[in-house]
Amino acid sequence: MLDLRRLRLLRELAHRGTIAAVAEALSFSPSAVSQQLSVLEREAGVPLLERTGRRVALTPAGLKLVRHTEAVLERLEQATAELAGARQGLAGPLRIGTFPSAARSIVPGALAVLMSRHPALEPMVSEVDPARVAAQLRAGELDVALVHEYDLVPAEAEPGLTVTGAIFTEPMYLAAPSPGTVADFRHSPWIVSPPGTLCHTMAVRACQAAGFTPQIRHQVDDFTTALALVGVGQGVALVPQLGTLAPEVRAPGGPVALTRLPMYRRTRVAFRAGAGAHPAVAAFTTALRSALPPGLAGYGAPT
């Protein structure tokens, strides 16, 4: 009989790529992960891994086993959801991942709605960049999370996860000392999010689409900070509507002009495959929709 805990390790190796990354994500030592995978190979009776020096790759049999593991885990999530639905009332922790601009402007209202309807729930919010959400959901560190994508950075399908349709869609704005297009500021310094984030990739691709590579001066992971830097002449930035819900922002040093661009950011809800019917996940999604600011609720941009 194959051990489910060891199958999870194999799945994580397929997604993370290295034994060291699996060990760090799941709080094991690398040697413990290697030992458990060796035991799984003996249980399976066929080689699951190919070792080349320090690198490890899954064999065709290992990849097939990972696909079966995904299906098994999805059924377990469905069973958990059904059991939760059979209980009277929602209770216990609900681990929620969110990105900073939603954490500031939408999540508090959603939590207020959620707690008024389900006071025994214990929501636990963590700020997580959408690029890292998939790993934390699969590892069980999160139960549900807000993720976003941009027109120029479409989301890739993640095995083992389900993502809803767009909960809301925001237009993007160019934040600069004066109105203009992205191309107008090709010679200006740029303020972008740190590398590895979707926001960083979006800003770089937007500039490249306008025919240039941005001269990056500041890297900050908060749109309010980015706007403040624009206000004191430190560069220009791209900001979604949640970054500023007003048509003009005043920052230290002077006004910041916001020029609406033909670009959008879409926010969705992600959770483990099979967990969509879990009443706590459904309750959070419903509360989130009801807490949208007037400027976002029912916004008719492309989805």
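Because only heavy atoms are used, hydrogens play no part in the values below, and waters and symmetry mates are left out as well, while side chains stay in. If you read the sequence from its start, that first residue is 1, and numbering goes on from there.
Remark: Arg95 engages Asp143 in a salt bridge (charged side-chain N to carboxylate O under 4.0 Å, His left out) (not counting sequence neighbours). Looking at residues two or more places apart in sequence or on another chain, you find no salt bridge (charged side-chain N to carboxylate O under 4.0 Å, His left out) involving Glu141. For Asp184, the side-chain contact (heavy atoms from CB on, under 4.5 Å) partners are Thr181, not counting sequence neighbours. Taking Glu43 as the reference, Arg6 meet the salt bridge (charged side-chain N to carboxylate O under 4.0 Å, His left out) condition, with sequence neighbours excluded. Listed by chain and number, the residues in a salt bridge (charged side-chain N to carboxylate O under 4.0 Å, His left out) with Arg117 amount to none (sequence neighbours excluded).
Contact check on Arg104 versus Asp222 returns a salt bridge, with a Lys/Arg side-chain nitrogen under 4.0 Å from an Asp/Glu carboxylate oxygen. Residues Asp151 and Arg265 are not paired through a salt bridge, judged by the lack of any N-O separation under 4.0 Å between the basic side chain and the carboxylate. Residues Glu41 and Arg51 are paired through a salt bridge, judged by an N-O separation under 4.0 Å between the basic side chain and the carboxylate.
Using modelled atom types and a 3.5 Å distance limit, the side chains of Gln208 and Arg205 yield no donor-acceptor pair.
Hydrophobic clustering of Ile, Leu, Val, Met, Phe, Trp and Tyr side chains at less than 4.5 Å, counting indirect connections, keeps Val56 apart from Val39. Neither Met124 nor Val113 shares a network with the other; the hydrophobic side chains, linked directly or stepwise wherever heavy atoms of I, L, V, M, F, W or Y lie under 4.5 Å apart, form separate groups for each. At a threshold of 4.5 Å between side-chain heavy atoms, the hydrophobic network of Ile, Leu, Val, Met, Phe, Trp and Tyr places Val72 and Leu65 in one connected group. Taken together through direct or relayed side-chain contacts under 4.5 Å among Ile, Leu, Val, Met, Phe, Trp and Tyr, Leu137 and Phe284 form parts of separate hydrophobic clusters. Linking Ile, Leu, Val, Met, Phe, Trp and Tyr residues whenever their side-chain heavy atoms come within less than 4.5 Å places Leu114 and Leu90 in a single cluster.
With rounding to the nearest 0.5 angstrom, the NE2 atom of His218 is 11.5 Å from the CD1 atom of Ile216. Distance check, rounded to the nearest 0.5 Å: CD of Glu170 to CG of Leu242 gives 3.5 Å. Considering CG of Leu73 and CG of Leu7, their distance stands at 8.0 Å, rounded to 0.5 Å. Here the CD-CZ distance, from Gln136 to Arg132, works out to 7.0 Å after rounding to the nearest 0.5 Å. To the nearest 0.5 Å, the span separating CG on Leu37 from CZ on Arg42 amounts to 11.0 Å. The line from CG of Leu146 to CD1 of Ile167 is 8.0 Å long, rounded to the nearest 0.5 Å.
In this structure, the side chains of Thr213 and Val204 stay at 4.5 Å or more apart for every pair of heavy atoms. Between Ile106 and Leu288 there is a side-chain heavy-atom pair separated by less than 4.5 Å. Using a 4.5 Å heavy-atom cutoff, the side chains of Leu58 and Leu13 are in contact. Under the 4.5 Å side-chain criterion, counting only non-hydrogen atoms from C-beta, Glu77 is not in contact with His278. Contact of the Pro177 side chain with the Val236 side chain is registered, since non-hydrogen atoms from C-beta on lie closer than 4.5 Å. Taking the side chain as every heavy atom from C-beta outward, Cys207 and Phe185 never approach each other to under 4.5 Å. In this structure the side chain of Leu111 reaches within 4.5 angstrom of the side chain of Val107, judged on heavy atoms. Residues Pro240 and Tyr173 fail the side-chain proximity criterion, which asks for heavy atoms closer than 4.5 Å.
No donor-acceptor pair closer than 3.5 Å links the side chain of Arg186 to the backbone N or O of Gln215. In this structure, Arg272 contributes its side chain and Ala139 its backbone to no donor-acceptor pair below 3.5 Å. Not one N or O on the side chain of Gln234 forms a donor-acceptor pair closer than 3.5 Å with the backbone of Leu229. Although no hydrogens or angles enter the test, the distance criterion places no donor-acceptor pair under 3.5 Å between the side chain of Ser188 and the main chain of Gly235. Using modelled atom types, no side-chain atom of Arg268 and backbone atom of Glu149 make a donor-acceptor pair closer than 3.5 Å. Judged by distance alone, with hydrogens and angles left aside, the side-chain atoms of Glu158 form no donor-acceptor pair with the main-chain N or O of Ala134 at under 3.5 Å. Listed for the Thr169 side chain is no donor-acceptor partner under 3.5 Å among the backbone atoms of Arg266.
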Check: Under the side-chain contact (heavy atoms from CB on, under 4.5 Å) criterion, do Leu258 and Leu227 qualify, and how do the steps go?
Finding: CA-CA 10 Å; Leu258 296 177; Leu227 290 171; 4.2 Å; yes
Next item on the list: Kindly determine whether Val144 and Leu142 satisfy side-chain contact (heavy atoms from CB on, under 4.5 Å), including the steps that lead there.
Entry: CA-CA 6 Å; Val144 63; Leu142 297 173; over 6 Å; no
Item checked: Stepwise side-chain contact (heavy atoms from CB on, under 4.5 Å) test for Ile191 and Val230 -> CA-CA 8 Å; Ile191 304 160; Val230 174; 3.7 Å; yes
Next item on the list: Show the numbers, then the answer: is there a side-chain contact (heavy atoms from CB on, under 4.5 Å) between Val269 and Phe271?
Entry: CA-CA 7 Å; Val269 175; Phe271 41 83; 4.1 Å; yes
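The two atoms that bring Ser29 and Ala23 nearest to each other are C-CB, 3.8 Å, heavy atoms only. Taking both residues in full, the closest heavy atoms of Thr59 and Pro47 are given as OG1-O, 2.8 Å, listed atom of the first, atom of the second, then distance. Between Phe223 and Leu238, the shortest heavy-atom contact is CE2-O, 3.7 Å. When every heavy atom of Gly276 is checked against every heavy atom of Ala282, the shortest pair comes out as O-CB, 4.4 Å. The two residues Ala280 and Leu121 make their nearest non-hydrogen contact at CB-CD2, 4.4 Å. Summarising the geometry of Thr162 relative to Gly274, their closest heavy-atom pair is OG1-N, 4.4 Å, with the distance given to 0.1 Å.
Applying the 6.0 Å contact sphere to CE of Met115 captures more than 12 heavy atoms from other residues, nucleotides or ligands.
Residue pairs meeting the ring pair (Phe, Tyr, Trp, His ring centres under 6.0 Å) criterion with at least one partner in residues 95-142, sequence neighbours excluded, are Phe99-His148.
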